[in-house]
Chemist: 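After the structure tokens below, expect a handful of questions from me.
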Amino acid sequence: MIPRRAILCLGLSQLISWGTTYYLIGIFGDRIAGDLGWSRELVFSGFSLALLVMGLVSSVSGSFVDRHGGAVAMSTGSILNAAGCLAIAAAWHPATYLAGWCLIGLGMRLSLYDAAFAALARIAGPEARRPMAQITLLGGLASTAFWPIGTALADALGWRGALCAYAGFALITIPLYLPLPRGRYVSPVEREGPPATEMPMRPDRGRGAALLYAMIVALTGFLNSGMSAHMIPILIGLGLGSAGSVSAAMLRGIGQSTARLCDVLFGRALHPLTLNLISTSILPIAFTIAFLAGNGWLAGAVFAFSYGAGNGLTTITRGSLPLVLFDHRDYGRTAGRLVAPSFLLAAIAPLSYAYVISSWGEHGALWLSLMLAALTVCAALFLKLLYHRAR
């Protein structure tokens with residue numbers, strides 16, 4: 001259904017697109033603030049603005065993928081990412097700088113995982129789950145690859161020159177979308193009507209499934225954004241030390257990639273709802289272990305690794321759950337509408353965690369994370385029960 005070459009090219013495009021957009025601020029933020037004399041709050045607010053834009057255009061973007069296919073939509077996203085990088089590189093005024101981030105927000109929604117998942121669902125329908133997992137293997141390496149690349153470029157060319165190079169990287173992804181098949185998935189039995197196992201759920205339970213799915217995606221997105229910004233400071237505050245906290249936090253990425261690889265190799269028989277329950281159940285275990293991080297490096301390392309594993313798997317179920325819950329022919333619009341709140345919550349998560357830490361300390365942040373993770377498990381369990389009752 002989907003050639004291996006297309007999956008490899010799409011995975012490579014994810015590595016480049018994530019590296020040149022989502023992780024841009026972590027590499028260049030302090031350099032931009034220091035060079036232009038702006039506050040860190042202003043500089044980093046650009047990224048939050050991009051996430052807000054992603055949420056606002058999510059449903060429309062999903063419909064765009066449904067209508068025109070992945071190659072057209074994601075190429076548009078790459079062009080917008082390049083334009084945003086160039087706008088930021090040329091910025092001397094906050095208005096230009098923030099406008100660049102708005103362009104990147106539009107581009108990210110059309111070029112990152114959610115757009116790629118919609119493109120795969122359009123091509124392969126219910127069979128898109130495995131390709132979805134496969135492209136996340138390369139995408140998960142984006143920070144590992146682009147942190148040193150971005151730093152080297154900024155040292156050699158300055159942050160403005162490095163962002164111009166990033167614009168070039170964004171444009172390089174356009175040929176990577178060409179191997180994507182242009183057609184839509186058609187089931188062998190669709191001409192005679194869908195089989196009983198693919199009949200939609202009753203309307204009331206369909207709405208309940210949509211609400212629970214949106215809740216799971218929003219909560220895991222909030223936790224991911226908060227941990228991305230504050231995992232290292234939390235570990236330092238628990239007494240792990242700066243060097244120990246950094247080395248422990250690095251295991252988050254390893255846990256993420258390891259879990260995704262295990263799903264690709266051994267998870268074919270797992271139903272997406274079962275994988276979703278497993279992945280969300282790992283999160284409260286991870287945050288429980290985090291309370292022991294002050295006792296030694298090993299506990300902090302296990303926390304980072306296990307959180308990364310759970311978070312890495314929830315990225316896959318974010319894409320695969322709509323394949324079994326809703327009509328795959330309307331995947332882009334439906335998923336786009338339901339994941340929109342996750343972008344809005346992700347935008348406010350870093351500030352929310354900062355407030356909690358300043359008010360109640362690192363343990364307060366861990367209690368917040370543990371409660372949200374437990375709530376996510378409950379939602380995943382209810383979703384699985386609801387699905388089976390509807391069948």
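In this chain, residues are counted from 1 in sequence order.
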Chemist: With a 4.5 Å limit on heavy-atom distance, are the side chains of Val217 and Leu338 in contact?
Modeler: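 Result no, sub-4.5 Å side-chain heavy-atom pair not found.
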
Chemist: Supply the atom-to-atom distance Leu103 CG to Leu86 CG, rounded to the nearest 0.5 angstrom.
Modeler: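 One finds 10.0 Å between CG of Leu103 and CG of Leu86.
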
Chemist: Are Val324 and Met132 connected in a single hydrophobic cluster, I mean Ile/Leu/Val/Met/Phe/Trp/Tyr linked by side-chain heavy atoms less than 4.5 Å apart?
Modeler: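 In one cluster: yes.
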
Chemist: Treat each ILVMFWY residue as a node, draw an edge where side-chain heavy atoms are under 4.5 Å apart, and state whether Leu345 and Leu372 are in one component.
Modeler: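 Linked within one cluster.
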
Chemist: Take Thr220 and Asn224 through the test side chain to side chain contact (heavy atoms under 4.5 Å, CB included) and record every step on the way to the result.
Modeler: CA-CA 6 Å; Thr220 53; Asn224 178 47; over 6 Å; no

Chemist: Going hydrophobic residue to hydrophobic residue with side-chain gaps under 4.5 angstrom, can you get from Leu223 over to Ile289?
Modeler: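 Shared cluster, yes.
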
Chemist: Looking at every heavy atom in both Ala365 and Val356, which two are closest together, and how far apart are they?
Modeler: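 Heavy atoms of Ala365 and Val356 come nearest at N-CG1, 3.6 Å.
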
Chemist: Do Ser245 side-chain atoms and Ile236 backbone N/O form a donor-acceptor pair below 3.5 Å?
Modeler: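 Yes.
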
Chemist: Does the pair Leu238 and His363 meet the rule for a side chain to side chain contact (heavy atoms under 4.5 Å, CB included), with working shown?
Modeler: CA-CA 8 Å; Leu238 292 173; His363 283 88; 3.6 Å; yes

Chemist: Relative to Tyr177, does Arg122 satisfy both conditions: NZ or CZ under 6.0 angstrom from the six-membered ring centre, and within 45 degrees of the ring's axis?
Modeler: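 No, cation not above the ring by the 6.0 Å, 45° rule.
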
Chemist: Report the distance from atom CE of Met108 to atom CG of Leu110, rounding to the nearest 0.5 Å.
Modeler: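 Separation between the atoms: 11.0 Å.
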
Chemist: Return yes when atom CH2 of Trp367 has more than 12 non-hydrogen atoms of other residues, nucleotides or ligands closer than 6.0 Å, and no otherwise.
Modeler: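 No, not enclosed.
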
Chemist: Under 3.5 Å, is there a donor-acceptor pair linking the side chains of Thr315 and Arg260?
Modeler: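 Present: a donor and an acceptor within the cut-off.
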
Chemist: In the structure I gave you, are the side-chain heavy atoms of Phe303 and Leu235 within less than 4.5 Å of one another anywhere?
Modeler: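 Yes - at least one pair of side-chain heavy atoms lies under 4.5 Å apart.
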
Chemist: State yes or no: do Trp297 and Met231 share one hydrophobic cluster built from I, L, V, M, F, W and Y residues joined by side-chain heavy-atom distances below 4.5 Å, directly or via other members?
Modeler: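 Yes, Trp297 connects to Met231 through the hydrophobic network.
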
Chemist: Which pair of heavy atoms, one from Ala373 and one from Phe287, lies closest together, and at what distance?
Modeler: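 Smallest interatomic distance, heavy atoms only, reads CB-CD1, 4.0 Å.
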
Chemist: Take a 6.0 Å sphere around CZ of Phe291 and say whether it holds more than 12 heavy atoms from other residues, nucleotides or ligands.
Modeler: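 More than 12 within 6.0 Å, yes.
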
Chemist: Hey, are Ser78 and Thr173 close enough side-chain-wise for a donor-acceptor pair under 3.5 Å?
Modeler: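 Ser78 and Thr173 do have a side-chain donor-acceptor pair below 3.5 Å.
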
Chemist: For the pair Arg337 and Asp330, find out whether any cationic side-chain nitrogen is under 4.0 Å from an anionic carboxylate oxygen.
Modeler: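 So Arg337 does not pair with Asp330 through a salt bridge.
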
Chemist: Please confirm whether the backbone N or O of Arg333 pairs with a side-chain atom of Asp66, one donor and one acceptor, at under 3.5 Å?
Modeler: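 Here the side-chain-to-backbone pair exists.
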
Chemist: Are the side chain of Ser13 and the backbone N or O of Leu10 linked by a donor-acceptor pair below 3.5 Å?
Modeler: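 The answer is yes, because a donor-acceptor pair under 3.5 Å joins these two groups.
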
Chemist: Verify side chain to side chain contact (heavy atoms under 4.5 Å, CB included) between Leu344 and Leu51, making sure each step is shown before the conclusion.
Modeler: CA-CA 7 Å; Leu344 305 180; Leu51 293 177; over 6 Å; no

Chemist: Linking I/L/V/M/F/W/Y whenever their side-chain heavy atoms sit closer than 4.5 Å, directly or via other members, would Ile316 and Leu112 fall into one cluster?
Modeler: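 Different hydrophobic clusters.
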
Chemist: Between atom OG of Ser352 and atom CD1 of Ile357, what is the distance when rounded to the nearest 0.5 Å?
Modeler: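 Those atoms lie 11.0 Å apart.
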
Chemist: Any luck finding a side-chain donor-acceptor pair between Thr20 and Asn81 under 3.5 Å?
Modeler: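 Distance-only check fails for Thr20 and Asn81.
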
Chemist: Do Leu24 and Trp159 make a side-chain contact, defined as non-hydrogen atoms from C-beta onward lying under 4.5 Å apart?
Modeler: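 They are not in side-chain contact.
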
Chemist: Run the numbers on Tyr331 and Leu120 for side chain to side chain contact (heavy atoms under 4.5 Å, CB included), then give the verdict.
Modeler: CA-CA 10 Å; Tyr331 181 102; Leu120 292 172; over 6 Å; no

Chemist: Locate the shortest heavy-atom distance separating Ala259 from Leu313; write the atom from each residue and the value.
Modeler: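 Nearest heavy atoms, Ala259 then Leu313: O-CD2, 3.5 Å.
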
Chemist: Give me the atom names and distance for the closest heavy-atom approach of Arg129 to Gly267.
Modeler: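 Heavy atoms only, the tightest pair is NH2-O, 3.1 Å.
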
Chemist: Just wondering, do Met54 and Ser61 contact through their side chains at under 4.5 Å, heavy atoms?
Modeler: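 Contact flag for Ser61/Met54 side chains = no.
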
Chemist: Over 60° means perpendicular and under 30° means parallel, so tell me whether His388 and His271 are parallel, tilted or perpendicular.
Modeler: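 Judged by the thresholds at 30° and 60°, the geometry between His388 and His271 is tilted.
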
Chemist: Going by heavy atoms in the side chains, are Phe146 and Ile16 under 4.5 Å from each other?
Modeler: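 Phe146 vs Ile16: side chains touch.
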
Chemist: Quick one: does Leu98's side chain get under 4.5 Å of Ser45's, heavy atoms only?
Modeler: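 When only atoms from C-beta onward are counted, Ser45 and Leu98 do touch, with a gap below 4.5 Å.
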
Chemist: Please find the pair of heavy atoms, one from Ala6 and one from Pro181, that lie closest to each other, and give the distance.
Modeler: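 Of all heavy-atom pairs spanning Ala6 and Pro181, the closest is CB-CD, 4.5 Å.
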
Chemist: Do Ser225 and Tyr353 have a side chain donor and acceptor closer than 3.5 Å?
Modeler: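 Short answer, no.
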
Chemist: If we ignore hydrogens and angles and just use 3.5 Å, is the side chain of Ser17 paired with the main-chain N or O of Gln14 as donor and acceptor?
Modeler: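 Absent.
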
Chemist: Taking Thr258 for its side chain and Gly255 for its backbone only, find out whether a donor-acceptor pair lies under 3.5 Å.
Modeler: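 No.
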
Chemist: Roughly how far, to the nearest 0.5 Å, is CG of Leu106 from OG of Ser111?
Modeler: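 Ser111 OG to Leu106 CG: 10.5 Å, rounded to 0.5 Å.
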
Chemist: Could you walk me through whether Tyr113 and Trp18 satisfy the ring pair (Phe, Tyr, Trp, His ring centres under 6.0 Å) test, starting with their C-alpha distance in whole Å, then the side-chain angles of each, then the deciding distance to 0.1 Å, before giving a yes or no?
Modeler: CA-CA 9 Å; Tyr113 283 145; Trp18 278 92; 5.0 Å; yes

Chemist: Quick check: do Thr376 and Thr314 have side-chain heavy atoms less than 4.5 Å from each other?
Modeler: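 Side-chain contact under 4.5 Å: no.
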
Chemist: Indicate yes or no for a side-chain donor-acceptor contact from Ser257 to the backbone of Ile254 under 3.5 Å, with no hydrogens or angles considered.
Modeler: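 Checked: no pair found.
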
Chemist: Please confirm whether the backbone N or O of Val72 pairs with a side-chain atom of Ser75, one donor and one acceptor, at under 3.5 Å?
Modeler: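 Checking the backbone N and O of Val72 against the side chain of Ser75, no donor-acceptor pair under 3.5 Å is found.
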
Chemist: Working to the nearest 0.5 angstrom, can you tell me the gap between Tyr387 OH and Thr274 OG1?
Modeler: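 Going from the OH atom of Tyr387 to the OG1 atom of Thr274 covers 10.0 Å.
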
Chemist: To the nearest 0.5 angstrom, please state how far the CG atom of Leu325 sits from the CG atom of Leu273.
Modeler: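 Leu325 CG to Leu273 CG: 5.5 Å, rounded to 0.5 Å.
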
Chemist: Any side-chain to backbone donor/acceptor pair from Arg184 onto Gly125? Under 3.5 Å, distance only.
Modeler: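 Judged by distance alone, no pair lies under 3.5 Å.
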
Chemist: Measure across Leu386 and Ala209 and return the closest heavy-atom pair with its distance rounded to 0.1 Å.
Modeler: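 Shortest heavy-atom contact: CD2-N, 3.4 Å.
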
Chemist: Side chains of Thr151 and Ile27: closer than 4.5 Å at any heavy-atom pair?
Modeler: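 Heavy-atom side-chain distance check passes, below 4.5 Å.
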
